[in-house]
Novice: 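Take this structure first; my questions come after.
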There are 2 protein chains.
Amino acid sequence: MPSAGPTEGISPTHNRPNEKRHAAEDMVGIKRLAQHLDISIGTVSRALNGRPDVNAETRRRVLEAALELGYAPNQAGRSLRKGSTGVVGFMMQSGSEITGDGDTFFMSVFDGVQAVFARHNLDLVVLLCSSREDPDAYLRRTVARGFADALIISATRRNDPRIDFLAERHIPFIALGRSQSDAGHPWIDLDFEGLARIGIDRLVAQGHRDIAIAAPADDANLGHIFVETAQSTLAGHGLPLPPDRLLRSPPNEAGGYAMAQKIVAMSDRPTAILLVNETTAVGFYRGLYDAGLAPGRDIAIIGFRESPQAKFLSPPLTCFRLDLHALGEALAEALLATMPAYKEQYPLGTARRIWPMELVEGRSDRAQ
Amino acid sequence: MPSAGPTEGISPTHNRPNEKRHAAEDMVGIKRLAQHLDISIGTVSRALNGRPDVNAETRRRVLEAALELGYAPNQAGRSLRKGSTGVVGFMMQSGSEITGDGDTFFMSVFDGVQAVFARHNLDLVVLLCSSREDPDAYLRRTVARGFADALIISATRRNDPRIDFLAERHIPFIALGRSQSDAGHPWIDLDFEGLARIGIDRLVAQGHRDIAIAAPADDANLGHIFVETAQSTLAGHGLPLPPDRLLRSPPNEAGGYAMAQKIVAMSDRPTAILLVNETTAVGFYRGLYDAGLAPGRDIAIIGFRESPQAKFLSPPLTCFRLDLHALGEALAEALLATMPAYKEQYPLGTARRIWPMELVEGRSDRAQ
DNA sequence: ATTTTCTTCGTAAACGTTTCCGATTTCCTG
DNA sequence: CAGGAAATCGGAAACGTTTACGAAGAAAAT
């Protein structure tokens, strides 16, 4: 849109005698490597790519020289010719994350993904859509440019146009998070049903009859799943879920604080609460303390997820543990299974998995 | 709502059943766009790139058709020809971050960077070096492939080979964090001198005479700077820094907890502590509470940085605030100033900036 | 000894884009 | 109206890589 700088008028630096094309004139390409070895570039390429029709001794020399000269194939040339980039993009939005504590969450997932990709010379890059750009437009732009061979999308919304777009274009992709949009695509999602069921069951088993639940305020899909399961689980115990027991909050500390304030102000407080938003527990604790109430004693709390700070809350938070590294690995493998070049190695079919969680006992869900 | 579906009314009789080519056979390239408009591809390219020598009406038609067909220039072809990619990489390590709470820290910085890049059609991608790969090797590989035009490197070590490598190769880059390695390169770093000076001065002004400091345990450069400044500031007040008052910890909650335990066990405890590692405060608080001590009352605490949870600690943490969005913008602008294509627009010279922090008063550094 | 097969390598054509260089037309100037 | 400048466009050559194809020689088979 910023149609080219008009500084083109008179450029005094137009005739530089030793202007060597690009800034990186000393980049060593396959050409240099070939003439250094005095063989053709075709042979060099075949040697590097492990083609069978190249002499063993020649291959050895090529590999050695490549290492010595620090040669690595140019990304643009290679992917232009091959039609694939060897890059997989993980798309994230700047502001909203799947949970509040994006840091350790995504870092662990990334690490798992990379562990698998490393075996196939695939590279993972993170594509982050800025807060000023529409996620759908960002995705279309990225895809049209042919930047990556495949995509992992996160923060899936209940109705997510990205899914239809990618499926329509036959771009290999996998979603971290379910969606109403169903294109027969692979996805992996956290077990929010399990969370709701186990959490409610546990609180009921401890004698609670007035249980509140706290779900995200936005359009994320997990909210609906969580709420519905919690509701039906409560119903299974013959318990209702009155409207004022269903709280909504943004997935951060401030949201938790606000919720605590709301509960504190109630004339008849619930005796327990199940939080699905991450890091809300931190604010929730604080909100209780500020009102002179104590988590665990005055109101039982089960939170999500076992974050680094969970065990440093007072009392330690009872919450759910996820193996995020393994989740990343599963994500990568399921994605590879949809990519033509790797299908045979990962004959898995399209994955639709619910990723399990494990309850970690703290002391926030029972009186001390 | 993918704008304008694939209503290919134009060339319906293109039935090539077994024309395979690439997976994305229906990608619309400049060629298709050109023959759809019945003009040459050269003209289409010039029109899209804002070249002056193209008729206004022609340009309008081209832009319209490009939008309609969802055309976006192929990344590989474009960067192969231009010798530049339009992509800037932000390199991060999987495990170690500049601070413990990488999430909100980097997300804010990214958003600032992107705000500037968006004005120049530059894209930011995050390159994360997995925990299994050597950062220096990863960088070399990435550079050799010509993946990005410029780089932002973070988590700079005290002695960082990446800096010499990039400078030697004339790759435009900027470092987030100082280093002993000086290649006359641009960098921006947080004001750890200011943090040490203001923190110590404040604690001394409140009457403390026995002040401990807590620095990171790793090779990060900030540790040295922080420790030296703290030491000299203390000396300026005529106060020593005995070896047992200099604590080291990993930058996370557990590290803070361990430090608290160590301090609690001391026969003569310091009366105040200045923490430079992020999120250590959370664990530190907990460590004190577990020993029956209260932050602020029994030991004064000044922490770093004003993270989302800082104000939800009890008592709220006195700490330092950073404008990370602006830091990202500064980072981007300083980087652009080193890139040949943007030099004239950002005539800044090579930046070496210390990014200021502002003290936020909590109640953790004085008795209630 | 002749043919066949196998091994190894060089040649050249793509991939999609930008941009230099002319060619053609239009417009202005004298 | 001649002539030149300006406007507008098409043609074609790159960019670095992979790979189909074929050539040349060596080895094997007849």
Side-chain angles (χ1 to χ4, degrees), chain A residues 4 8-9 11 14-15 19-25 27-35 37-62 66 69 71-86 144-147 149 341, chain B residues 19-35 37-62 66 69 71-86 121 144-147 149 341:
Chain A
E8 303 236 10
S11 63
H14 204 56
N15 54 348
E19 168 90 8
K20 292 279 197 178
R21 302 214 44 77
H22 316 125
E25 66 261 14
M27 281 284 272
V28 37
I30 202 175
K31 218 167 194 168
R32 276 253 283 271
L33 191 53
Q35 68 189 42
L37 287 163
D38 201 38
I39 55 180
S40 79
I41 61 171
T43 303
V44 173
S45 176
R46 283 193 303 267
L48 291 172
N49 290 15
R51 289 291 158 126
D53 54 346
V54 50
N55 185 281
E57 166 64 11
T58 309
R59 166 168 293 136
R60 196 196 54 76
R61 286 179 51 223
V62 170
L69 301 192
Y71 168 81
N74 174 278
Q75 177 68 21
R78 163 185 272 246
S79 68
L80 179 56
R81 167 64 222 223
K82 301 227 312 180
S84 71
T85 64
R145 285 175 26 154
F147 195 86
D149 294 341
Chain B
E19 169 94 7
K20 292 159 198 162
R21 306 216 46 76
H22 311 125
E25 66 262 9
D26 47 352
M27 283 285 273
V28 38
I30 200 174
K31 219 167 193 168
R32 276 253 283 268
L33 191 52
Q35 68 189 40
L37 288 162
D38 200 39
I39 57 181
S40 80
I41 62 171
T43 303
V44 172
S45 176
R46 284 193 304 268
L48 292 172
N49 290 12
R51 288 289 159 128
D53 56 345
V54 48
N55 183 283
E57 167 63 9
T58 308
R59 167 169 292 134
R60 196 195 54 75
R61 284 180 53 222
V62 170
L69 302 191
Y71 168 80
N74 174 277
Q75 177 69 19
R78 163 185 272 245
S79 67
L80 178 56
R81 166 65 221 222
K82 302 228 312 182
S84 70
T85 64
N121 286 349
R145 287 175 23 157
F147 195 86
D149 295 341

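Chain naming here is simple, since letters A, B, ... match the order of the sequence lines and numbering starts at 1 in each. Keep in mind that the numbers below use all heavy atoms, side chains included, and drop hydrogens, waters and symmetry copies. Keep in mind that what you see is a predicted model, and the values were worked out from it rather than measured.
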Novice: Using a cut-off of strictly less than 4.0 Å between a heavy atom of the residue and any atom of DNA chain D, enumerate the qualifying residues of residues 51-58 of chain A by number.
Specialist: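 DNA chain D contact set from residues 51-58 of chain A: A:R51.
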Novice: Indicate, with a heavy-atom threshold strictly under 4.0 Å, whether B:G42 touches base, sugar-phosphate, or nothing.
Specialist: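 Contact class for B:G42: base.
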Novice: Taking donor-acceptor contacts at under 3.5 Å, does the side chain of B:R32 reach the base of C:dG16?
Specialist: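 Looking at the base of C:dG16, it does not pair with any donor or acceptor on the side chain of B:R32 (distance under 3.5 Å).
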Novice: Send over the distance from B:I30 CD1 to D:dC9 P, rounded to a whole Å.
Specialist: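 From B:I30 CD1 to D:dC9 P: 14 Å.
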Novice: Provide the closest heavy-atom pair for B:S79 versus B:T85 in the form atom of the first, atom of the second, distance.
Specialist: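 Smallest interatomic distance, heavy atoms only, reads CB-CA, 3.7 Å.
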Novice: Quick one: is C:dT17 close enough that its OP1 or OP2 comes under 4.0 Å of any side-chain N or O from B:Y71?
Specialist: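 Yes.
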Novice: Mark yes or no for whether A:R59, through its side chain, and A:R51, through its backbone, hold a donor-acceptor pair below 3.5 Å.
Specialist: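 The answer is yes, because a donor-acceptor pair under 3.5 Å joins these two groups.
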Novice: Is there a side-chain polar atom (N or O) of A:S40 under 4.0 Å from OP1 or OP2 of C:dG10?
Specialist: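 Yes, A:S40 has a side-chain N/O under 4.0 Å of OP1/OP2 on C:dG10.
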Novice: Counting only side-chain nitrogens and oxygens, does A:S45 get under 4.0 Å of the OP1 or OP2 atom of D:dT17?
Specialist: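 Checking A:S45 against D:dT17: no side-chain N or O falls below 4.0 Å of OP1 or OP2.
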Novice: Is B:R78 close enough to C:dG16 that one of its side-chain N or O atoms is under 4.0 Å from OP1 or OP2 there?
Specialist: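 For C:dG16, OP1/OP2 do not have a side-chain N/O of B:R78 under 4.0 Å.
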Novice: Less than 4.5 Å apart, any side-chain heavy atom of A:Y71 and any of A:I30?
Specialist: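 Heavy-atom side-chain distance check passes, below 4.5 Å.
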Novice: Could you tell me which non-hydrogen atom of B:V28 sits nearest to which non-hydrogen atom of B:L69, and how far apart they are?
Specialist: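 Closest pair (atom of B:V28, atom of B:L69, distance): CG1-O, 3.3 Å.
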Novice: Kindly indicate whether the side chain of B:V62, heavy atoms from C-beta on, has any atom under 4.5 Å from the side chain of B:I39.
Specialist: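 The answer is yes, as the side chains (C-beta and beyond) meet within the 4.5 Å cut-off.
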Novice: Applying side-chain hydrogen bond (donor to acceptor under 3.5 Å, both in side chains), run through A:R46 and A:T43 and close with a yes or a no.
Specialist: CA-CA 5 Å; A:R46 283 193 303 267; A:T43 303; 3.3 Å; yes
Novice: Give the angle between the helix axes at the two ends of the helix from C:dA1-D:dT30 to C:dG30-D:dC1, taking five base pairs at each end and rounding to 10°.
Specialist: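 Nearest ten degrees gives 50° for this helix.
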Novice: For D:dT17, take OP1 and OP2 only and decide whether either is under 4.0 Å from a side-chain N or O of A:N74.
Specialist: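 Checking A:N74 against D:dT17: no side-chain N or O falls below 4.0 Å of OP1 or OP2.
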Novice: Check this for me: does the side-chain of B:R81 come within 3.5 Å of the base of D:dG16 through a donor and an acceptor?
Specialist: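 A donor-acceptor contact between them is absent.
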